[in-house]
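Everything below concerns the one structure shown next.
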Amino acid sequence: MSTESPAKPRDFIREIVDEDLRAGRYQTVITRFPPEPNGYLHIGHAKSICLNFGVAGEFGGWCNLRYDDTNPTKEDVEYVDAIEEDVRWLGFSWKEHRHASDYFDQLYEWAEHLITHGKAYVDSLSAEEMREYRGTLTEPGKESPYRNRSAEENLDLFRRMKAGEFPDGAHVLRAKIDMASPNINMRDPVLYRIRHDHHHRTGDKWCIYPMYDYAHPPSDAIEHVTHSICTLEYEDHRPLYDWVIENLPVPSRPHQYEFARLNLNYTVMSKRKLLRLVEEKHVNGWDDPRMPTIAGLRRRGYTPASIREFAERVGVAKRENIIDVALLEYCVRDDLNRTANRVMGVLDPLRVVIENYPEGESEELSTPNNPEDESAGVRSVPFSRVLYIEREDFMEDPPKKFFRLAPGREVRLRSAYFITCTSVVKDESGNVVELRATYDPATRGGDSPDGRKPKATLHWVSAAHAIDCEVRLYDRLFKVEAPDAGEDFLAHLNPDSLRVVPSAKLEPSVRGAHPQSRYQFERLGYFCVDPDSTSEKLVFNRTATLKDAWAKMK
RNA sequence: UGGGGAGUCGCCAAGUGGUAAGGCAUCGGUCUUUGGAGCCGACAUUCGGUGGUUCGAAUCCACCCUCCCCAGCCA
């Protein structure tokens, strides 16, 4: 973790941390990122990761990675590895790698402490009865008939729960707080439940498992976490968090703070819904490039820096928010514009024959890898008599604002020559199948000695040298801004969220590119090599389009 | 109708009694060997509403309105 001096506070969390440090309440800031291993991390988690690791780093402290693995029935090791990879990929390193389950022994001992001190009791109400006793939002709850068992009886029962003498649901351990509390979380919340289940880390050692509300505060205290940052829905739980800390002989005094989770339009973010997309195969797995998961964004071609930048721009506050995905897209474009090398590729090829270019010949033309970054150098691209240009870049009868190729018109081929369309070849049904053109040898490299300035510059590829690649064009997964709004979010799936171009024509320099390599296909967008690529055929994912002023005019 | 939060531009978000930052989006213009990028400019007389305090209020007070969260042996 870095040791740079504290940055000036940029949000209320950092303000609190800054003030706590200034007041000497803590010497070191310690945070934790506590995912439950029951699904993949998504962009919302990225915000939390950037916050927790970011704050700790900025103030010279550290952040622990701690799995909240207190519910064996929902959790799986498959997710553990994915989570670690994602956090690391985002560019963060944790100090300690822990699991709530590391503390099960201590947590159990402290539960007995609560019992001994008359702060917890074993309840034997059924789940339904307990719900009835809990009361409602407007009416207080009733005390369980088991609430006043003696400490001895409670201890005996609790030990027998642990020993496996009872079936699931027979008893629970509850905190003895206040059944009439206006805060439902304080109406004797459950601390432990019986679960005869195999835990992915502790195996069959336990058949009672602590609840989040009981496990989290002491886990923070054991790790000396100072600022336990979570999302708004836990605000109501803070009094319980404090109660647990105050009633246990824990080694430190952490505090909980809540911020608003990230929401994005045109997507869904709940783990339940994401899981459904995966299980019902509406997408091809958790890392499908259309998913808002970190794995999906990675495969889509997003850079860690762009996601960190996004988290920064989005801010941290307590206000409910729905961020426009356009901001996320802006962040990748901004990063990739500066870092991705350019390459030419034609998605929808239209053949162009340069009639005055010698047959069977070719030449190499030099072109910059990245006009935004001279240090990226240059490469050469082959030019010859037969080329492909984008079908979209030609119109037989162009409207006023269309500056691209048309019969009789001269345009520049990027880094190559000016060409003039001389005729159009059509098939029987009238479709344009080929263009005939002439080139001006004096314009080699793309400049005319006489100062002629064509209105358009097109990307192109030499037919004989082009390599065939599969290109996957992604669009937003949902057609509507708030797919979450109605009852069936699947009804809003965008049927055109994936369009496959089986054989796009790419310039030969991309041959052999490794998965995750990112490029800008000039005038088209940013693309990233997909792991589905083989030595036979490269597969590219479109990360984001380039803004296309003409497309907008149409 | 209990409790906990939140309401500043289309979307985020600063602002902490002294006269509304910034970003994204949008719209103009400029430039351009990517109609990309860049550059320049426009974009809240107004801060959920109404009263009040004050020389002065988005900021303080009162009342009201709207939205979100909580009745899992989930996290």
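Here is how names work: the chains are called A, B, and so on, in the same order as the sequence lines, proteins then strands, and each is numbered from 1.
- Of the residues in residues 31-39 of chain A, those with a non-hydrogen atom less than 4.0 angstrom from any atom of RNA chain B are A:Glu36.
- The A:Leu327 side chain lies nearest to B:rG23 when the options are B:rU16, B:rA75, B:rG23.
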Short heteroatom pairs, N/O only, protein and nucleotides 68-70 of chain B, under 3.5 Å:
from: B:rC68; atom 1: O2'; to: A:Glu320; atom 2: OE1; distance (Å): 3.2

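- Sorted by first then second residue, the salt bridge (Lys or Arg N to Asp or Glu O under 4.0 Å) pairs that include residues 130-143 of chain A, not counting sequence neighbours, are A:Glu143-A:Arg147.
- Contacts of A:Tyr330 with the nucleic acid, taken as non-hydrogen atoms under 4.0 Å apart, involve only primed sugar atoms and P, OP1 or OP2.
- Out of B:rG35, B:rC73, B:rA37, the shortest distance to the side chain of A:Met553 is found at B:rG35.
- Applying the ring pair (Phe, Tyr, Trp, His ring centres under 6.0 Å) test to A:Phe418 and every residue at least two apart in sequence or in another chain returns nothing.
- Distances were taken from every side-chain heavy atom of A:Arg131 (C-beta onward) to each of B:rG72, B:rC12, B:rG35; the shortest belongs to B:rG72.
- A salt bridge is defined here as a Lys NZ or Arg NE, NH1 or NH2 lying under 4.0 Å from an Asp or Glu carboxylate O, and A:Arg338 with A:Asp334 meets this definition.
- Mapped onto RNA chain B by nearest heavy atom, A:Arg238 and A:Asn321 fall at different nucleotides, with A:Arg238 at the one closer to the 5' end.
- Looking at heavy-atom distances under 4.0 Å, A:Ala317 makes contact with sugar-phosphate atoms alone, never a base.
- Within 4.0 Å of A:Ile322, counting heavy atoms only, lie sugar-phosphate atoms of the nucleic acid but no base atom.
- Residue A:Ser181 places no side-chain N or O under 4.0 Å from the OP1 or OP2 atom of B:rG3.
- Between A:Arg379 and A:Glu507, at least one side-chain nitrogen of the basic residue sits less than 4.0 Å from a carboxylate oxygen of the acidic one, meeting the salt-bridge criterion.
- A salt bridge (Lys or Arg N to Asp or Glu O under 4.0 Å) check over residues 162-174 of chain A, counting only residues at least two apart or in different chains, returns the pairs A:Asp123-A:Arg174, A:Arg160-A:Glu165.
- For A:Phe310, there are no ring pair (Phe, Tyr, Trp, His ring centres under 6.0 Å) partners, not counting sequence neighbours.
- Taking the charged nitrogens against the carboxylate oxygens, A:Glu410 and A:Arg452 do have a contact shorter than 4.0 Å, which makes a salt bridge.
- Between A:Arg195 and B:rC74 there is a side-chain N or O to OP1 or OP2 distance below 4.0 Å.
- A:Arg319 comes within 4.0 angstrom of a nucleotide base, judged by non-hydrogen atoms across all strands.
- With a cut-off of 3.5 Å on both pairing distances, the Watson-Crick or G-U wobble partner of B:rG22 is B:rC12.
- Atom C1' of nucleotide B:rG23 and atom CG of A:Asp324 are separated by 12 Å, given to the nearest angstrom.
- When Watson-Crick and G-U wobble pairs are counted only if both distances are under 3.5 Å, B:rC67 pairs with B:rG5.
- Under 4.0 angstrom from either OP1 or OP2 of B:rG72 there lies no side-chain N or O belonging to A:Arg174.
- Between A:Arg32 and A:Glu223, none of the side-chain N atoms (NZ, or NE/NH1/NH2) sits under 4.0 Å from a carboxylate O, so this pair counts as no salt bridge.
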